[in-house]
Each structure stands twice: as structure tokens, then as C-alpha cells.
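Only this structure's heavy atoms are used, side chains among them; waters, hydrogens and symmetry mates stay out. Protein chains get the first letters and strands the later ones, always in sequence-line order, with residue 1 at the start of each. Keep in mind it's a predicted model, so treat the numbers as computed, not measured.
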Amino acid sequence: MDAPTAPPAAPPGKPRLLDCPVCGGAITLRAVGHSVNVACMQCNSLLDVALEEVKILKKAHEKQRDLSIPLGARGKLDGIEWEAVGYQERSSGSGSDRYVWDETLLFNPYHGFRFLAQAQGHWSLYRVIKSGTALPAGTRFARFFSGQTQTDYVLGEFYWRARMGDQVHVTDSISPPYVMSTEKNGEEINVSLGAYLAREEVAAAFGLDPGKLPRLQGIAPNQPSPFAARVPGVLRASLLAVALATGIQLVQAYSAKNQVVHNEHLTVTTTTRDEARVTMPFELEPPQANVCLESAAILDNNWAELSVTLVDASSQERRSLNQGMESYSGVDSGEAWREGDNIANDCFPAVPGGQYRLIFNAEAGALGWGADQRQIFYIQARRDVPIWSNWFALLLALLPYPFYLWLRHHSFEYTRWSDSDFMPESYASIRNSLNGEEE
Amino acid sequence: MRSYTCPACGAPGTFQSSVSVYAVCAYCQSMILRRNVDVEAFGKMAALPPDMSPLRVGARGMLDGVGFALLGRVKIGWKDGVWNEWFMLTEDARRGWLAEAQGFFAACFELPLASDGRALINRNFATWKPKPGERVNIGAQAYEVADIKHTVCLGSEGELPFLANRGRKALSIDLAGSGGFATLEIHQDETRLYQGRYVGWDELKLSDTRPLEGW
């Protein structure tokens, strides 16, 4: 017996070529062995190609159509090369509620099928998921749509009995950028998971001009909020800045001496109102630090003003500030009211160590009332007082941007959910109040 | 492994699995039945319908860290499509099936229908009329009838644990559970139970695959 030769190798897999039995046009079957229905690219007749014998399911004599992604085109998405093999148009609702979308069936002999769905210029890539498939981490799906859909047009090949007029009940739940679609057709239930794709990615994947793709309109159900993506980073940066500033502030506040360097009890009368009061010199210890004056005026429905000058006893260098105080109260239509503040707080920043005096000039409303009037002030000067105003200013400066992003994000989400019958309660109450105002 | 000579054309062949009882000669497509001591040829298998499957008899892969080889294939048809069932032998001598349908791969292994003398599925298969959604227990695990298909064998190749001639009819019942899926195959008075899970192409790490034009 002859030496055994290797058995003949299995022939390579290749597309199946056939002629349309209706129009005679050439049909290339790409997902051979999977495809069961094919709608002829030339005449749109529907053929049964599950077995070798081709059967006509429905004759048609339509004109050829141009598709955004032509059948046979190849593109790389999710790191896998896909070939467009089928195309269908579907819709839900009617009248002004009518929503239309299309789906391009993608095939790769190793990785199976994907659906590239397009609606209002927005694209999503879907894959069928079987029960037990792990969902992407961190997703929380909320119901967005539930209703009957129908197939309005089919072209190319399909691994199921796709045909015009197919009715399927669809439930969509979203967790942007993901959407989970549950399609129920008779006894068959199919679940697929879609992820939002920027139209530029679709154009780049298939080498298309993005300008030739359908125009972008509105917000897609699973379109990620551009603000949601920025919120965590901005929040993190803001919180970090606040934490840092607070840390620095606390260290400074804790280490500040906050020492009383002078107390003054000042009484100004009608006769002494024009005289300046000069204190005894007092010592300010180096290093340089602020000097703050807390001044209180005894006021009854009146105002007072202090002009304060801090003088360096050796160089005669002068620093000045003004402190206004006022206090008014009364009863209006049975309601007591009070306004103004009879205490003023002001600081001389960065005062070097040395001998200093304070000079006070006072003016007060009470002094103008008559000959025997007086105005009393209690003044306390402190050295190295912790200052919180810069810290507050920083907080005020940091808050608006995260708040702006938060507003924009919720405005985006509100618009998204406006197209849904399942708007979350929080947005629905806003919509109700807006509608209420319009009426 | 057992070697044989094709009774029809004299080409050499082997049964790699001890449970294989049937093979298709790779040279002359004769169908060969394994007897106790010899083999018998009985007619020829027609060429299988064309497909774009990247698998072929002889391909090797990995499943849960254990290598396997594909020994044979059954091409199965039903009213709305066609799929492949690849018979595989693992390096630890388990026999299973790699199903290839609608772009999904699923690996499954046969379970005995009874353990400790108790039936795993409490159904009389001769009279059972399964309905979609019906609850079925396999041992303690709950499943639901997901799909019922009347199938017909469209052809076979390689070596197989049963006679997979063209026209062999069966009832295929898919069961879905939280732990995976199971399939019951009822052929005449013979019922087999398979349990398995879906596997991705990359996970299978296949080699010696079939060349595909343009891919």
C-alpha cells in the first residue's frame, strides 16, 4: 500500500455569488452559512438563501438606493474589522410621535454580527448579549422607551427572516453612553447592548466624509452628557483647591498670635468732636503682621464714624482707615425691624515691628443734636489676627463653575428625557411647573 | 485512538475518540460505521453547504485552560437557518460540542440524564410537549424553555459519536438559566442533555483554523 497522503484540505471559506432570480443582478452573499434572507441590492426582491436552492419570497422592482455606509464597505470599530452586509429602516409611533432609525448589519466571520444604528445623525454600535453576560461596570439602566416598532425597508442579507412589515415590541433602557434594547417578537426575545459612537468615529472607521453622514439633530437617548464627563474632574480640582486653601488657612489661623496690643475707651462730646485723640505709644513685635481694630459705638438709631491713623513713632510713617457704624430699629405695621451694625472690623495689613501710636478722629450723628451730646466708642487693637476673607473669596470664586456645569448637565438631561414617556420624577415636576406657567 | 482503512477507497483513517461510532472518509466522503472489530462503509456523504466558518476538523483551541481539538462536524438546518455543531475532544479526554450559530460560539458538554439513579429532568420525553417559558429543573438548577426547533441534519464530516446521516431529524430544546444554557436533543427514543456557556473567539485561542478569502 502506498504511503498515506494527507487528506485533502477543506476548501477556504469565501463569499457565495448568485444571480437574482427576479432581475438577474449579481448578489454577493458575505455571511454565508448565517444569512437566510437577502434583499437584492438592484431590485429589492426578497430571497430565501438559507439552503443552496434560492427561493423568491417577494418580488420587487425598485430603484437602487444609496446608503451612508454602502453594503460591502469595511470599517474597524472596537478594534475589529467589520463588513456591512445588511441594512434596514425601522420606525415607531406615528404622526408627530413617529421616530425613525436605520441599522446597518455588520459581519466578521470570527466575531459574528454587530448593528450600527443611526437616528437623527447619532450613531450607536450594538451587539446581541446572551443571558449571563456581564454588563459594563458602573451602568444603571433606566427605561426610556417601550413600544411597537416596525421594519419599513430591508436591503442586503440577514441572519434572521428580516422582511418589510416585521413588527417587534422594543423596550430601551439607557445608561449613557449605553443603551440596552429588549426586542420581543412572538416567543423570541433578543437583548442587545449599544454604545454611543461619535459620527466622526463612524466616518473615520469606514473612510467616509463626515459631511455626507446624516445631519446631527437633538440629543440621542444614550448620548453621554458632555458636562457629566467634566463634572468629576472639575469637582475634584475644586475640592482639592478648597482643601488646600483650608489647610493653609487653618495652619495660619492656628499659628496667628491674635494678641491684644491696645484698648481704648473713647468718649467724644459736642465740644471735643473736632479734636484728634492720640494714644500712648505701644509696642508691636516683629515680624510684620496685621493690626486689626474692632470698634464698637454705642448707638440708638444713629450713626458714627471713626477715622483711624496708625503712626510709626520712629519713622512717622502713617497708615489710615475709616470705620463706619450705624444702628437703626423701629416697628413698621406691627413688625419690629433692625438694620446696620454698631461694630466695625478693619485691619492694617503687614505692619512691621516697632513703637506705634493710634490717632482717632470721630464724627457721629448724635453730636449734631445739641450742646450736651456724647458718643462713646470701645476700640480694641489686635496684632496678628487670622484673616478668613481671602478664604471666603476663594470659595466664592471656585463655586460658580461647578454650579454652571451642574446646571448645564441637568439642562442636557432634561432635554434628553423630554423625548421619553419615562421621564424621571425630578425632571417631570420641572416640566409640569413649566407647563403650568405657560397656561 | 484507533486506525482503520476506508473500506471504499483504502485511505487511512483514525477514530481519535473511543466514543466515535461514525466517520466520513476525508478522501472519498464514504460514510463509515465502526463495528466491534472492523469498519463498514455505506454510501457517500454529499458536500456540506458552503459557509464562512473559520473552524474546520483538526482545528485546536483552549477552553478553561484545557486544550481541545475539533474531530467532526454536524451541519444542522431548521426552517429559519443553519448552524454547525463541532464535536470536540479535550486533552483531559472529555467530549463536548462547540456550537456555532448566528455569530456566537457556545461550548457544551453532555450531562447524564440521571445521577444516583435519579432523573435530572423530570419529564417523560416520549410524551413531553415543551412550551416556551416552561420551567424545567436540571437537578437543583432552574431553567426556562427558551426555544424549540425541529432540526434536520444537512450533512456531516470527520468523526462523530452518532450516525449523522443527511435527513436525521431531531427536536432541539434550548433551556436558559441564570447559570448558562442547556440543550436537550431528542432523536427518536434517544435524548441527550448538554450544558454549556457562550465563549468569545479570542477566548478560544484557535489555531489550524480554516482560511477565509478576504479575511
Side-chain angles (χ1 to χ4, degrees), chain A residues 1-18 28-37 48-53 72 74 79-83 85 105-114 127-133 158-162 186-191, chain B residues 3 5 10-13 25-27 47-59 73 75 77-84 100-106 131-133 144-148 154 157-158 176-181 197-198 200-202 204 206 209-215:
Chain A
M1 192 179 145
D2 293 337
T5 50
K14 57 184 178 196
R16 180 177 163 198
L17 305 172
L18 49 103
T28 305
L29 271 188
R30 298 179 170 90
V32 189
H34 295 293
S35 293
V36 294
N37 276 18
D48 178 350
V49 293
L51 301 177
E52 276 148 295
E53 185 200 347
R74 287 201 183 187
I80 296 168
E81 189 177 14
W82 301 103
E83 191 164 60
V85 299
L105 181 64
L106 304 177
F107 174 67
N108 172 292
Y110 305 97
H111 297 276
F113 294 95
R114 295 289 186 277
R127 66 187 163 92
V128 171
I129 56 171
K130 302 291 188 179
S131 68
T133 305
F158 301 91
Y159 64 81
W160 70 98
R161 294 290 185 194
E187 279 150 2
E188 200 183 352
I189 295 177
N190 277 306
V191 183
Chain B
S3 299
T5 304
C25 174
Y27 296 84
L48 295 184
D51 63 24
M52 275 299 255
S53 173
L55 303 181
R56 65 176 171 191
V57 172
R73 153 162 71 161
K75 189 108 195 159
W78 65 296
K79 71 180 172 66
D80 287 335
V82 169
W83 81 86
N84 288 319
E100 184 192 16
Q102 301 193 334
F104 280 91
F105 296 101
K131 288 183 188 66
E144 220 173 63
V145 174
D147 206 3
I148 303 157
L154 299 177
E157 62 172 322
S178 55
F181 75 88
R197 65 178 179 92
Y198 289 95
W201 172 261
D202 292 332
L204 289 169
L206 283 150
T209 55
R210 179 185 181 212
L212 298 174
E213 263 180 30
W215 291 96

Of the listed A:Glu81, A:Glu52, A:Lys130, the one with the largest count of heavy-atom pairs under 4.5 Å with chain B is A:Lys130

So, the part of B:Pro49 with a heavy atom under 4.5 Å from chain A: the answer is both

Hits for side-chain hydrogen bond (donor to acceptor under 3.5 Å, both in side chains) against B:Arg210, two or more places apart or cross-chain, chain-then-number order -> B:Asp51

When the 4.5 angstrom heavy-atom criterion is applied to A:Arg30 and chain B, the contacting part is backbone

Greatest number of non-hydrogen atom pairs under 4.5 angstrom with chain B, of A:Gly112, A:Gly33, A:Ala50, falls to A:Gly33

Bottom line for B:Asp147: the part with an atom under 4.5 Å from chain A's heavy atoms is neither

So, the part of A:Val49 with a heavy atom under 4.5 Å from chain B: the answer is neither

Applying a strict 4.5 Å limit to non-hydrogen atoms, the region of B:Leu154 in contact with chain A is side chain

Turns out that what part of A:His111 lies under 4.5 Å from chain B's heavy atoms comes down to both

If one checks every heavy atom of A:Val36 against chain B at 4.5 Å, the contacting part turns out to be side chain

If one checks every heavy atom of B:Phe181 against chain A at 4.5 Å, the contacting part turns out to be neither

Turns out that what part of A:Asn108 lies under 4.5 Å from chain B's heavy atoms comes down to both

Next on the checklist: Tell me whether A:Trp82 contacts the main-chain N or O of A:Ile80 through its side chain, where contact means a donor paired with an acceptor under 3.5 Å.
Outcome noted: yes

Here the gap from A:Arg114 atom CZ to A:Arg127 atom CZ, rounded to the nearest 0.5 Å, amounts to 6.5 Å

To the nearest 0.5 Å, atom CZ of B:Arg56 lies from atom CD of B:Glu157 at 10.5 Å

With chain B, the option among A:Val128, A:Asp48, A:Ile189 that has the most non-hydrogen atom pairs under 4.5 Å is A:Val128

query = Do any N or O atoms from the side chain of A:Asn37 and from the backbone of A:Ala162 form a donor-acceptor pair under 3.5 angstrom?
reply = yes

